[in-house]
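Worksheet: one structure, shown below.
Quick note on labels: first sequence line is chain A, next is B, and so on, each numbered from 1. When reading the values below, keep in mind they use all heavy atoms of this one structure, side chains included, and skip hydrogens, waters and symmetry mates.
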Amino acid sequence: MHAIDQLERSLKSIVADMGLEWPAKASIDAPKDSKHGDLAANIAMMLAKEAKTNPRELASRIAAALPAVDAAVQSVEVAGPGFLNVTFTPDFWRQTVLDINAQGNAYGSSTIGQGRRTLIEYVSANPTGPLHIGHGRGAAVGDTLTRLMRAAGFDVSTEYYINDAGRQMRLLGLSVWMRAKELSGQPIEIPTDFYRGSYIIDIAREMLEKNPNLLSLSEQEGQDVCYDYAMKQISDGIKADLHEFRVGHDRWFSEKSLVDSGAVKDAFAALKAAGHTYEKDNALWFATTPLGDDKDRVLTKSDGYLTYFASDIAYHHDKFERGFDYLIDIWGADHHGYIPRMRAAIAAMGRNPEKDFDVVLIQLVNLLQNGQPISMSTRAGTFETLADVVKEVGVDAARFMFLSRKSDSTLDFDLELVKQRSMDNPVYYVQYAHARVCAVLRRAAERGIALPQSLTMAHLQALDCPEDIALLRKAAAFADMLGQAALSLSVHHVSRYLMDFAGMLHSYYAKHQVLLPEDTPRTIARLALLQSMAQVVHNGLDMLGVSAPETM
RNA sequence: GUGCUCGUAGCUCAGUCGGAUAGAGCGAUAGCCUCCUAAGCUGUAGGCCACAGGUUCGAUUCCUGUCGGGCACACCA
């Protein structure tokens, strides 16, 4: 928020004049209780010892100096143990309306990300079956994080990594092949780890219809053909589901292509050159222990195949080689034990695992129906797919639900609840606030009330109630909130903010009539206010990939 | 067993880079539409922020331990 920046500059100059140094840990924040002013600073408590005085004494000296330094400050009080409670002038806050009008859909964006080249990898589910609801949560979080970070000034690209070189995928080919045999009346023995979903049978049937001679192929050929076909079908399905869910990746990155392009060799060479590898028991090992892992890891197995970890290292190495300097992976929380070895790999590449690499963990989604759990497992074939859930509850409700909780904690997703139009399902609460404001604006237009072509501070003087200022203050904090959410990779801050903000708008609506036949200046001021507040809700929902309807 | 993570109102969850009287929704309960969308608003009740120590002006927040959930511990992906 520019208010914080402005106050910090003013306080810094005062502190400097006193011959004191500004501590890095000093904070300036909006206090929880608005009775404590617009912003509270703890600087006097931090510096009292150094200034050889008590906090309240120092605070009052700073307070005395502040109004002369900063014209936007209306009043400043010393409170509690030595807080400085600062209140800005109404005009300072009214300016927010003009700022929002000027910036429109871009309001809230910032440059805090400094154009950092960032690659967000998310979903990356093996194309061995349709996406289920857990993938949906990862998709919603990844996509929203992308939108957020772009708005915050990061230079973001996105990728979906396909594990198309491993055992799971070979198993997919085998599963379809067996079903094709079964459909043709041949007896089959179902192996363990077999993919049992009915979609496997559908694919097998489809293949037989297109090529009745399918089963004349050899075992190996047949499985390969089945694999290729199934992989294509399922991938296309996943892409369609994601598209429907308003999620798109800049690139689908194939694991196979890493091997083919020599990227694996490059990555291994880099590790070897830095002295991180050794051979033992006929396998190639990566010494991750000195880099913080709890045991060393195998790269090339004694049978000559690469481990999953090996190609993942190569993939991340390749990301850096392509010029990205900040890698964000979005993983299921059950992979959290995988983080130390990945950090070790990042360190071995000569990068800083603290700064150049982050993992966002997505916890389990418990799919419920009226409080009763619906089990899901791709292999057992009893999953509930993302597509089914979206069809049932809609994209807006599903996305908002996924984004309204910390991604690292488990989420109960009750189909009945998410369909309800109540506060258990806050997406409607936020959307309704937007629609209501739009209704007022429409009604104003019907009555021939129009906002002036170029709005100025003079038109906003009637914004003088506490509720006016509270809304303006909240709206002014929007960009700051988005920036913090982006930096901390916490998408749920946005939905929390929107719920708060929508609550304020609903209260405002109930308390203050906007269209006042007897008072045109106030009507104009309030219309201008509401229009800009609707813009903020719209921009916030846009970050979440949720629509902002004008009527409901 | 080891590591990671979580424990906040009856329920579902925010908050915490250490700040003032710990918040929201649901549920409970009492009210509000001759007036811009009641999918809304207003009030009341409800808390040893798991427990015990430590660090300091100040701890729900940081550290240690205990108890209790979840997850992970492959030459699987």
Side-chain angles (χ1 to χ4, degrees), chain A residues 24-25 27 29 31-33 35-36 40 42 45-46 48-49 54-55 79-83 85 126 128 163 165-171 193 255 280-285 293-295 297-312 332-340 361 363-364 371 404-406 408-412 414 417 420-433 435-444 446-447 449 484 488 492-493 495-497 499-500 502-503 505-517 523 526-527 530 551-552:
Chain A
K25 288 198 293 182
S27 76
D29 284 309
K32 284 178 205 159
D33 190 336
K35 273 180 285 191
H36 294 135
N42 68 348
M45 278 132 64
M46 314 242 18
K49 213 174 264 180
N54 69 67
F83 288 103
N85 291 341
N126 284 356
T128 54
N163 299 125
R167 202 179 68 92
Q168 303 286 329
M169 299 307 291
R170 291 197 291 274
L171 212 53
D193 294 348
E255 178 186 4
K280 192 182 86 178
D281 301 336
N282 236 352
L284 179 66
W285 290 73
D293 199 5
D294 53 1
K295 63 171 96 158
R297 307 291 172 175
V298 170
L299 295 176
T300 309
K301 294 185 271 182
S302 49
D303 63 8
Y305 280 103
L306 294 172
T307 60
Y308 172 82
F309 183 43
S311 41
D312 217 13
D334 54 343
H335 286 68
H336 77 258
Y338 193 78
I339 294 176
L361 293 177
Q363 261 293 0
L364 218 64
S404 63
R405 297 275 152 75
K406 237 180 342 198
D408 192 24
S409 55
T410 55
L411 172 70
D412 285 342
D414 192 310
L417 229 60
Q420 271 175 34
R421 297 171 166 192
S422 72
M423 250 317 265
D424 266 340
N425 189 14
V427 64
Y428 292 109
Y429 187 76
V430 176
Q431 289 182 319
Y432 186 49
R436 259 182 147 178
V437 168
C438 290
V440 176
L441 297 172
R442 266 197 309 277
R443 189 56 53 94
E446 282 168 27
R447 296 187 189 172
I449 307 166
Q484 289 304 316
S488 61
H492 70 285
H493 288 314
S495 41
R496 287 283 148 187
Y497 174 94
M499 285 184 251
D500 279 355
L505 280 171
H506 284 306
S507 295
Y508 188 90
Y509 180 92
K511 182 161 184 178
H512 295 294
Q513 184 82 12
V514 173
L515 304 177
L516 304 161
T523 300
R526 288 184 173 171
L527 278 175
L530 282 198
T551 59
M552 285 176 76

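- Out of A39(B), C36(B), C75(B), the shortest distance to the side chain of V440(A) is found at C36(B).
- Ring stacking holds between H36(A) and A20(B), with the centres under 5.5 Å apart and the planes within 30 degrees of each other.
- Side chains of S311(A) and E255(A): a donor on one and an acceptor on the other come within 3.5 Å.
- Residue K295(A) is classed as a sugar-phosphate contact, given heavy-atom separations below 4.0 Å to backbone atoms only.
- The side-chain ring of F83(A) is stacked on the base of A20(B), judged by centre separation under 5.5 angstrom and plane angle under 30 degrees.
- M45(A) comes within 4.0 angstrom of a base, heavy atoms only.
- Across all strands, T410(A) comes closer than 4.0 Å only to sugar-phosphate atoms, never to a base (heavy-atom distances).
- Nucleic acid contact for R297(A): none, since no nucleic acid atom lies under 4.0 Å from a heavy atom of the residue.
- Nucleic acid contact class of A79(A) (heavy atoms, under 4.0 Å, all strands): base.
- Counting any heavy atom pair closer than 4.0 Å across all strands shown, H492(A) reaches sugar-phosphate atoms only and no base atom.
- Glycosidic conformation of C26(B) is anti; the angle lies outside 90° of 0.
- Rounded to the nearest Å, the gap between the P atom of G23(B) and that of C63(B) is 25 Å.
- Atom name C1', nucleotides U64(B) and U55(B): the rounded distance is 11 Å, in whole Å.
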